[in-house]
Amino acid sequence: EPEVTQTPSHQVTQMGQEVILRCVPISNHLYFYWYRQILGQKVEFLVSFYNNEISEKSEIFDDQFSVERPDGSNFTLKIRSTKLEDSAMYFCASSPTGISVLTFGAGSRLTVL
Amino acid sequence: DAKTTQPNSMESNEEEPVHLPCNHSTISGTDYIHWYRQLPSQGPEYVIHGLTSNVNNRMASLAIAEDRKSSTLILHRATLRDAAVYYCILTHDMRFGAGTRLTVKP
């Protein structure tokens, strides 16, 4: 069964450092998403991406965050200058259309020290 | 904020049916209702979705109210592996609420 893969599975970084989280969506999917989940809290929507541009973003997705699809397969989330409160699990998801079922990756755990 | 509301937690006994409710009173005519679940230490996984008619798959059934302002996820025979947080979301929102934490007792 096709799956969404995320790397790294766990990253530890110092506050103020830049972090890039990578996702390989399912190959024929066109819509891509990032969510985050702070430990013990709910899954929070960050951003959706379609046709090489952001289609929607939440209030969490401020200027410190950016997304990119640098080639035909990867979808990345960059955090420019990490803060302690960015420590969370980050999930990538993809879907074939904007109203289809989301397939989630296993997540990337980010720990900011 | 998410456009759905769910009870924070529910309990079930193993092998018994479980009905997990979701309210979505502001649903639009083109919104699909999706259900996902998150097992401990995993990402959310798809369970079932529907638009107007009730739906069945190998995991669960989805009962949608006639006015579409609420829905119920039905697990016909809960197992210990069904213990998870269950979320309902609407397609044009894609935001998760707090979900319902289902505990299954042996």
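First the proteins, then the strands, lettered A, B, ... as listed; each starts at 1.
Of the two parts of A/Glu59, neither the backbone nor the side chain holds a non-hydrogen atom closer than 4.5 Å to a non-hydrogen atom of chain B. Looking at A/Glu44, there are no atoms closer than 4.5 Å to chain B (heavy atoms on both sides), in backbone or side chain.
Here the side chains of B/Tyr87 and A/Val43 are in contact, with some heavy-atom distance below 4.5 Å. In this structure the side chain of B/His49 never reaches within 4.5 angstrom of the side chain of A/Ser100, judged on heavy atoms. Looking at heavy atoms from C-beta onward, B/Arg95 lies out of side-chain contact with A/Lys42 at the 4.5 angstrom threshold.
No continuous path of ILVMFWY side-chain contacts below 4.5 Å connects A/Ile26 to A/Val101, so the two sit in separate hydrophobic clusters. A/Ile79 and A/Ile54 fall within the same hydrophobic cluster, where Ile, Leu, Val, Met, Phe, Trp and Tyr residues are linked whenever their side-chain heavy atoms come under 4.5 Å apart, directly or through other members. A/Tyr90 and A/Ile20 fall into different hydrophobic clusters, defined by Ile, Leu, Val, Met, Phe, Trp and Tyr side-chain heavy atoms under 4.5 Å apart, directly or through other members. A/Val4 and A/Val67 are members of different hydrophobic clusters when ILVMFWY side chains are connected at heavy-atom separations under 4.5 Å. Note on A/Val19 and A/Met15: same hydrophobic cluster, where clusters join Ile, Leu, Val, Met, Phe, Trp and Tyr whose side-chain heavy atoms are under 4.5 Å apart, directly or indirectly.
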Criterion side-chain contact (heavy atoms from CB on, under 4.5 Å) on B/Gln38 and A/Phe91, from CA distance to verdict: CA-CA 12 Å; B/Gln38 188 175 24; A/Phe91 294 107; 3.7 Å; yes
From CA spacing to verdict: ring pair (Phe, Tyr, Trp, His ring centres under 6.0 Å), A/Phe45, B/Phe96: CA-CA 7 Å; A/Phe45 170 79; B/Phe96 287 70; 9.6 Å; no
Worked verdict on A/Met89 versus B/Gln42 for side-chain contact (heavy atoms from CB on, under 4.5 Å): CA-CA 10 Å; A/Met89 197 75 162; B/Gln42 295 189 28; over 6 Å; no
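Atom CG of A/Leu39 is surrounded by 12 or fewer heavy atoms from other residues, nucleotides or ligands within 6.0 Å. Within a 6.0 Å radius of CZ in B/Arg77, no more than 12 heavy atoms belonging to other residues, nucleotides or ligands are found. The number of heavy atoms from other shown groups lying within 6.0 Å of CG (A/Asp71) is above 12.
Taking 4.5 Å as the heavy-atom cut-off, none of the residues of residues 53-71 of chain B approach chain A. Scanning residues 8-36 of chain B against chain A with a 4.5 Å heavy-atom cutoff picks out B/Tyr32, B/His34, B/Tyr36, ordered by number.
Within the structure, the disulfide (SG to SG under 2.5 Å) test picks out no pair touching residues 35-87 of chain B (sequence neighbours left out).
Once rounded to the nearest 0.5 Å, the distance linking CE of B/Met94 with OG of A/Ser95 reads 5.5 Å.
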For residues 103-113 of chain A, dump all side-chain donor-acceptor pairs below 3.5 Å to protein atoms at least two apart in sequence or in another chain.
| from | atom 1 | to | atom 2 | distance (Å) |
| --- | --- | --- | --- | --- |
| A/Ser108 | OG | A/Pro8 | O | 2.6 |
| A/Thr111 | OG1 | A/His10 | NE2 | 3.0 |

